[in-house]
Amino acid sequence: MPSCPSLTGPDLRDRAERGDHDAVDELIELATERGDLTELRRLAQSGNTTATDELIQLAAEQGNLEELRRLSDAGNAAATDQLIELATEQDNMDEPRRLADQGNTTAAEQLMELTAE
């Protein structure tokens, strides 16, 4: 889609804040394309589940354990799963151990599998 002034920057944000769902979707798409975690975080904090899903996926792609940890600690199960997976890929056993200590069974199972190898 060609870019035009009304679909970028403050105009798009203003439309989104007034409840324009198309503007919100466009903001999410643009933020995802740019790898803009800050914009996705802002949209996710307003309760947009699509923005949250994109934020989780982008954070995982960027290897951003901190963002995944923040979302996981806020109770997002998808972020927790991605955090466990990414930490394991990075040979970081601290995260699965921390989550297992908090009662996360997926993290505990992952730790058991890794220690059995």
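- Here the CD atom belonging to Glu26 is positioned 6.0 Å from the CG atom belonging to Leu12, to the nearest 0.5 angstrom.
- With contacts defined as side-chain heavy-atom distances shorter than 4.5 Å, the pair Thr50/Asp25 does not qualify.
- In terms of heavy atoms, Met93 sits closest to Ala87 at CE-O, 4.3 Å.
- Under the salt bridge (charged side-chain N to carboxylate O under 4.0 Å, His left out) criterion, no residue pair touches residues 74-90, with sequence neighbours excluded.
- Residue pairs that meet the side chain to side chain donor-acceptor pair (under 3.5 Å) test with at least one member in residues 57-77, sequence neighbours left out, are Arg41-Glu67, Gln57-Glu61, Glu67-Arg70, Arg69-Glu95, Ser72-Thr80, Asp73-Arg98.
- Between atom OG1 of residue Thr52 and atom CD1 of residue Ile28 there is a gap of 8.5 Å, rounded to the nearest 0.5 Å.
- Closest approach of Ile56 and Leu68 over heavy atoms only: O-CD2, 3.8 Å.
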- [ ] Run the numbers on Leu71 and Gln82 for side-chain contact (heavy atoms from CB on, under 4.5 Å), then give the verdict.
- [x] CA-CA 10 Å; Leu71 292 163; Gln82 283 293 318; over 6 Å; no
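- Residues Ile84 and Leu58 share a single hydrophobic cluster, defined by chaining ILVMFWY side chains whose heavy atoms lie under 4.5 Å apart.
- The two residues Ala44 and Ala51 make their nearest non-hydrogen contact at N-CB, 3.6 Å.
- The CZ atom of Arg15 sits 7.0 Å away from atom CG of Asp22, with the distance rounded to the nearest 0.5 Å.
- Considering CG of Asp36 and CG of Leu55, their distance stands at 10.0 Å, rounded to 0.5 Å.
- Glu54 has its side chain out of reach of Leu43: every pair of non-hydrogen atoms, C-beta onward, lies at least 4.5 Å apart.
- Atom CZ of residue Arg13 and atom CZ of residue Arg18 lie 13.0 Å apart, to the nearest 0.5 angstrom.
- Both Val24 and Leu30 belong to a common hydrophobic cluster when Ile, Leu, Val, Met, Phe, Trp and Tyr are linked at side-chain heavy-atom distances under 4.5 angstrom.
- Residues Leu37 and Ala59 approach most closely at CD2-N, 4.1 Å, considering heavy atoms.
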